[in-house]
Structures are given as structure tokens and as C-alpha cells.
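Everything below concerns the one structure shown next.
Keep in mind it's a predicted model, so treat the numbers as computed, not measured.
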Amino acid sequence: MEPMDQTDVGRIDRQGNGFVLRIDTGPIGEITYMPDGEDTWIVDHTFVSPEHRGGNMARRLLDRVVEEARVEGKQIIPACSYALLQFKRNPEYADVWKQS
């Protein structure tokens with residue numbers, strides 16, 4: 001399969017406790033979280049199919065979770081390695097990062 005063109009970025013749909021990134025041929029990535037109390041989500045899994053990695057697809061999924069957390073007034077504990085690395089690298093997530 002050819003790498004996805006950056007102009008064809010697919011759509012992100014909410015699915016249960018997470019979001020799925022889809023293109024015409026089906027899902028290519030997902031991010032999931034677990035509620036932890038009333039005000040916190042634990043982001044526990046981020047996945048993008050190998051043929052679609054390297055094009056900011058995982059970052060788009062993480063940004064979508066962060067956007068939804070802001071809307072719902074939630075804090076995030078980034079438990080998966082990808083989310084934790086991005087939270088450490090990007091100060092724009094500081095407002096939703098629940099640090100102990």
C-alpha cells in the first residue's frame with residue numbers, strides 16, 4: 001500500500017472511549033483512554049498502522065483527545081509512551097496534563 005498523501009488525511013470519529021482515524025479503505029489508527037474519576041482520562045493506547053506512520057497521524061489523534069478533554073473540562077494522564085513523549089515535548093498540552 002502506498003503511503004497516504006498528506007492532503008488525504010482521513011476523518012477522526014469518536015468510538016467509545018477513544019477516537020479512530022479512518023480513510024476510505026477503513027481504519028488506520030486509534031487512540032483510547034480510560035476514565036479515572038469524574039475529571040480525568042488516562043490515555044492508554046495510541047496506534048497507527050505501519051504503512052501510515054510518520055505523517056503526524058498519531059499526533060492528529062492525540063490532538064483530538066486533547067481538544068475533547070478541553071471541551072469536557074477533563075485532565076489527561078498520558079500513560080502510553082507516545083502520549084507521554086508528546087506531552088513532555090509540547091507545552092501546548094500543559095493545560096490538560098494532570099501531573100502528580
Passing candidate, side chain to side chain donor-acceptor pair (under 3.5 Å) with Lys98, options Asp36, Asp39, Thr40: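 Option passing the side chain to side chain donor-acceptor pair (under 3.5 Å) with Lys98: Thr40.
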Who pairs with Glu38 by salt bridge (Lys or Arg N to Asp or Glu O under 4.0 Å), at least two apart in sequence or on another chain?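 Partners of Glu38 by the salt bridge (Lys or Arg N to Asp or Glu O under 4.0 Å) criterion come out as none, since no residue qualifies.
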Thr46 and Ala58: which non-hydrogen atoms are nearest, and at how many Å?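 Taking every non-hydrogen atom into account, CG2-CB, 3.9 Å.
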Yes or no on side-chain contact (heavy atoms from CB on, under 4.5 Å) for Leu61 and Met57, after CA distance, side-chain angles and deciding distance? CA-CA 6 Å; Leu61 287 162; Met57 299 300 146; 5.6 Å; no
Go through the steps for Leu21 and His52 under the test side-chain contact (heavy atoms from CB on, under 4.5 Å), then give the verdict. CA-CA 11 Å; Leu21 177 59; His52 294 99; over 6 Å; no
Atom [atom1] of [X] and atom [atom2] of [Y]: how far apart are they, to the nearest 0.5 Å?
X     : Y     : atom1 : atom2 : value
Arg22 : Gln15 : CZ    : CD    : 5.0 Å
Lys88 : Trp97 : NZ    : CH2   : 6.5 Å
Gln75 : Gln99 : CD    : CD    : 9.5 Å
Arg64 : Asp13 : CZ    : CG    : 9.5 Å
Leu62 : Phe87 : CG    : CZ    : 5.5 Å

Cluster overlap [X] with [Y], hydrophobic side-chain contacts below 4.5 Å:
X     : Y     : value
Leu84 : Ile31 : yes
Val65 : Val96 : yes
Val43 : Ile12 : yes

How would you list, by chain and number, every residue that makes a side-chain hydrogen bond (donor to acceptor under 3.5 Å, both in side chains) with [X], sequence neighbours excluded?
X     : answer
Glu67 : none
Tyr82 : none
Asp44 : Thr32
Asp95 : Arg70

Which class fits the ring pair Phe19 and Tyr33: parallel under 30°, tilted 30 to 60°, perpendicular over 60°?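 If you compare the ring of Phe19 with that of Tyr33, the planes turn out tilted.
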Going through the distances and angles, do Arg14 and Glu68 end up as a side-chain contact (heavy atoms from CB on, under 4.5 Å)? CA-CA 10 Å; Arg14 189 165 199 159; Glu68 194 66 24; 3.0 Å; yes
Could you please spell out the steps behind the side-chain contact (heavy atoms from CB on, under 4.5 Å) verdict for Ile76 and Tyr93? CA-CA 9 Å; Ile76 293 175; Tyr93 297 138; over 6 Å; no
Linking directly or through intermediates, with side-chain heavy atoms under 4.5 Å: list the remaining ILVMFWY members grouped with Met34, chain and number order.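 Once heavy-atom contacts under 4.5 Å are chained together, Met34 belongs with Ile42, Ile77.
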